[in-house]
Amino acid sequence: MTEEHRHIGKPVPPPHHDRLARGHGRFLADLPTDRTLHAAFVRSPLAHAEVVGFDATTAGNDPRCALVLGPDNLAERTAPIPTAWRLPGQPEDRIPVAAHTARYAGQPLGIVVADTPTAAEDLAEAVRLDLAPLPPVPTVAEALAEHAPLIVPGTTSNEAGQIRFGAPQEDLTSAFSRAAVVVAREFTLPRVNHAPLEPRGVLAAYDPGTGLLTVHASSQSPHSMRQDLCAVLGLRADRVRVIAPDVGGSFGSKVLLYPDEAMVCAAAVALGTAVRWVESRAENFTSAYQGRGQHTTARLAVSAEGRFLGLDAQILADLGGYATQAGSGPHQVAALNLQGPYHVDAAAATVTGVYTTRIPTGAYRGYGMQEAAFIRERLIDEAARELGLSPAELRLRNLIRPEELPHTTHTGLTYDSGDYGAALRRATELAERPRPADPPWVRRATAAVAAVEISAFAPSALLEAFGIAWSGWEGVRLRINHDGTVTAYAGVTAVGQGIETSLAQIAAEGLGVPLDWVRVELGDTDTAPHSDLSAQASRALTLAGGALVIAARRLADRMRTLAADFLGTEPERVTQQIAATAGPASLDAAFHRPDGARITWREVAHRGYRGWGRGQSTTDQIRLDESVDFDPPQITFAYGAHTAEVTVDLGTGRITVTGYWAVHDSGVLVNPLIAHGQIVGGITQGLGQALTEEATVDPEGVPTTRSFGEYTIPAAQDVPDNLVVEHTCTPSTAIPGGFKGLGEGGTILPPAAVACAVAAAVPEIAHTLTSLPLTPPRVRAALRAAGITAEGGTR
């Protein structure tokens, strides 16, 4: 950043890291309470079954038991959870808390509350669950088969609605009729587990005297959770308070209220006390919502000159047993984002939701955008191969140029600013290095891919147009206290992404004060401004930061005006001079008149709280407190390009990522240190999905990935030592401060980059690289089918 910035652009280490590293964190399981009871769930062992009986006699008679609620009891105490993002024609708009039919293995059917966690688990096992098995439907293909068992009663098929985005069909037909090459492939993007460091958890305390339900939850969106709890429990909004303490990661898994979390709160209300539940790792693998889960048929039409003519996709979205609040949203984003940063004469995508008897799916980091990038970039690579062109050259020929921005895609996204070609060229250039001599059984190659990232997910008018029942605006409250210190409140939450530090930097920058004067408060619905979407969709810093820029400017002007009144001059003649190490009361933190007269920052703040310096005004606000609700005029788009270098062992099928180079443009970077960590963490997550991660079930629909023993996430040795991240800066024109999001950008491109690099290394199997993850058995099978021997020869 330039020298004019005092805090923005500085790599400030997050101060709260010291507290966490010393074991002083306050995660859900750490919160101290008196007389807390503990919950465990009775979950369905079958993927599809009718609940015929729920006999809790043994559990209820145990002296350790405080409460048992089965489906009938829950139906009396709860209403279903409303959904927010639905498909046209979707047959259900509610999620039952009380379920009389299990639609996936692991679905909670009842809750037991006891005096200890162990007792609760023991008594949950003592409940006699009588289930009448129904035919499982664990795959999209089985769900759409003729005469498939119906999952939603009263429907005629397992389709959950459909929506189409993009160019008219006649335009697509014309585009494909003019093509020299048409590449068509079927893609499978499997389900993945979020695997956060801290699983989910709820501590709900109900006070019968006041009617107040206080819920501490490992949540990414406390305000949304409160709204849903009000609907489920029939409570007033001012009688429900949701607080997110330290949250150990989410990646989208904690943005929604789950039925089991609602059960804990219903139990607390029923008992008039505090009830805690902390999800086990096994529950997290077998019951928490999953990400991805998509089967797509897509095709790309290219002219003889290498111009993209048509791009079309038919997306089958695996929603699981029911559509969550976000439901098909991730798959709709995939359709919207399919065109990516390229010119195409005509592009469209259709999303069809499909119910299966598996765990419901929902938001996952980079949702929709990773899927779209994989499909699009693999098609581009295959088209280049058929045309005999360099894939990089084919991409560069079709990228939208800077002078063509803003540019509206066929699916209605308006890209704001950037230089996509520069990012791709730089990512390719960074990867240029001498290749080592590999043995005959090892192939090595690189590939560069590109994408845009939807960030600052808003405005509210856009959500209204899409029928998404959330608000998109973001609120902040910035206050200068009577002692001169500063407190910032925001509706976004901290889930390990360092947002507390970045927001403090923005506030300190706008006010011109030292960073340690600023404290950021997040995650409490009683004090935080309203925020439906909160910290998801790469929007926390962008929208809350943009609002803080506005609030800080207003407060800075008010402080200068108050100082000018005391100094007897005009505000424009007052200068603010604050030393980096000064306190609010120091003479080194003061407003100055040209002749040397001065008043300290603290005294100005104190005068403001007295109401002095306002003259005879009866309309000016007295308190040094600014609330800003920021609803941006449009989405802002970050973008990037990644190059991966891989080796493929022809004997084992093992892929090793030996180098990785990423170039990102996220507008103005507030904290480069945090930005680097976000991108590197996202790349690592994306490499896991490229190479190892897949949530699986057996033929009956029962999860088979139940622990880290069966579900492999990336380890340190899976991340190349040569991992380089560079940032360019094209400020957003829609966000005060010029910020763009970056929380999901690192995750979007690694699967595409790795798969395209493998295709470049072993072109004989390129046409098969349409499904993830690229595990050694899958790659080895493709190699053998292509006649490639373990020694590197062919047969």
Side-chain angles (χ1 to χ4, degrees), residues 47 104-106 136 138-143 185-196 251-253 281-282 284-296 315-321 330-331 334 354 356-368 370-371 373-375 378 646 652-657 682-715 718-719 747-755 758 765 768-782:
Y104 62 94
T139 69
V140 167
E142 290 172 287
R185 296 286 186 273
E186 291 187 8
F187 296 92
T188 300
L189 287 303
R191 288 163 165 261
V192 292
N193 287 105
H194 294 80
F251 311 118
S253 67
R281 184 58 67 182
N284 185 261
F285 271 110
T286 59
S287 306
Y289 298 156
Q290 296 175 339
R292 314 295 186 219
Q294 187 181 108
H295 302 269
T296 299
I315 298 171
L316 298 178
D318 182 355
L319 303 182
H331 307 283
V354 183
T356 62
T357 54
R358 291 193 62 179
I359 297 168
T361 54
Y364 189 102
R365 192 177 190 179
Y367 65 53
Q370 187 192 82
E371 295 92 314
F374 183 78
I375 293 164
R378 287 297 301 121
V646 305
T652 65
R654 178 178 173 81
I655 298 167
T656 302
V657 181
I683 290 170
T684 302
Q685 211 161 354
L687 291 178
Q689 288 159 60
L691 298 175
T692 62
E693 296 187 45
E694 181 177 10
T696 58
V697 295
D698 66 18
E700 299 300 312
V702 177
T704 53
T705 42
R706 305 173 62 87
S707 72
F708 287 120
E710 300 91 19
Y711 188 88
T712 305
I713 62 174
D718 299 314
V719 181
T747 314
I748 293 169
L749 281 171
V754 169
V758 173
I765 66 169
T768 71
L769 302 175
T770 56
S771 299
L772 297 175
L774 300 176
T775 60
R778 287 178 178 169
V779 175
R780 187 171 61 246

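Remember, it's a predicted structure, so these values are computed and weren't measured experimentally.
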Kindly say whether [Y] contributes a backbone atom to a donor-acceptor pair with the side chain of [X] at under 3.5 angstrom?
| X | Y | answer |
| --- | --- | --- |
| Tyr711 | Asn193 | yes |
| Arg358 | Gly320 | no |
| Thr704 | Thr696 | yes |
| Gln370 | Pro751 | no |
| Thr361 | Asp318 | yes |
| Thr692 | Thr712 | yes |

Roughly how far apart are [X] [atom1] and [Y] [atom2], rounded to 0.5 Å?
| X | Y | atom1 | atom2 | answer |
| --- | --- | --- | --- | --- |
| Ile359 | Tyr104 | CD1 | OH | 7.0 Å |
| Asp718 | Ile655 | CG | CD1 | 12.0 Å |
| Leu772 | Arg378 | CG | CZ | 10.0 Å |
| Leu189 | Glu371 | CG | CD | 5.5 Å |
| Thr747 | Arg365 | OG1 | CZ | 4.0 Å |

Please verify the inter-ring angle class for His194 with Tyr364; under 30° counts as parallel, over 60° as perpendicular, anything in between as tilted.
tilted
Heavy-atom pair with the smallest gap, counting every atom of [X] and [Y]:
| X | Y | value |
| --- | --- | --- |
| Leu769 | Ala755 | CD1-O, 3.6 Å |
| Pro773 | Pro190 | CD-CG, 4.0 Å |
| Ala334 | Gln294 | CB-NE2, 3.9 Å |
| Ala105 | Gly701 | CB-O, 4.1 Å |
| Leu749 | Ala373 | CD2-CB, 4.1 Å |
| Thr652 | Arg780 | O-NH1, 3.0 Å |

Is it the case that more than 12 heavy atoms not belonging to Arg185 sit under 6.0 Å from its CZ atom?
yes
Glu186 atom CD: more than 12 heavy-atom contacts under 6.0 Å:
no
Are side-chain heavy atoms of [X] and [Y] found at a separation under 4.5 Å?
| X | Y | answer |
| --- | --- | --- |
| Val140 | Thr356 | yes |
| Leu687 | Pro750 | yes |
| Asn284 | Pro196 | yes |
| Arg281 | Phe708 | yes |
| Tyr367 | Arg292 | yes |
| Thr286 | Pro703 | yes |

Sole candidate of Ile713, Val754, Val192 that passes side chain to side chain contact (heavy atoms under 4.5 Å, CB included) when paired with Gln689
Val192
Check the pair Val697, Val702 against side chain to side chain contact (heavy atoms under 4.5 Å, CB included), reporting the backbone distance first and the verdict last.
CA-CA 5 Å; Val697 295; Val702 177; 5.9 Å; no
Under the side chain to side chain contact (heavy atoms under 4.5 Å, CB included) criterion, do Leu319 and His331 qualify, and how do the steps go?
CA-CA 10 Å; Leu319 303 182; His331 307 283; 4.2 Å; yes
Under the salt bridge (Lys or Arg N to Asp or Glu O under 4.0 Å) rule, what pairs show up with a residue in residues 688-701, not counting sequence neighbours?
Glu694-Arg778
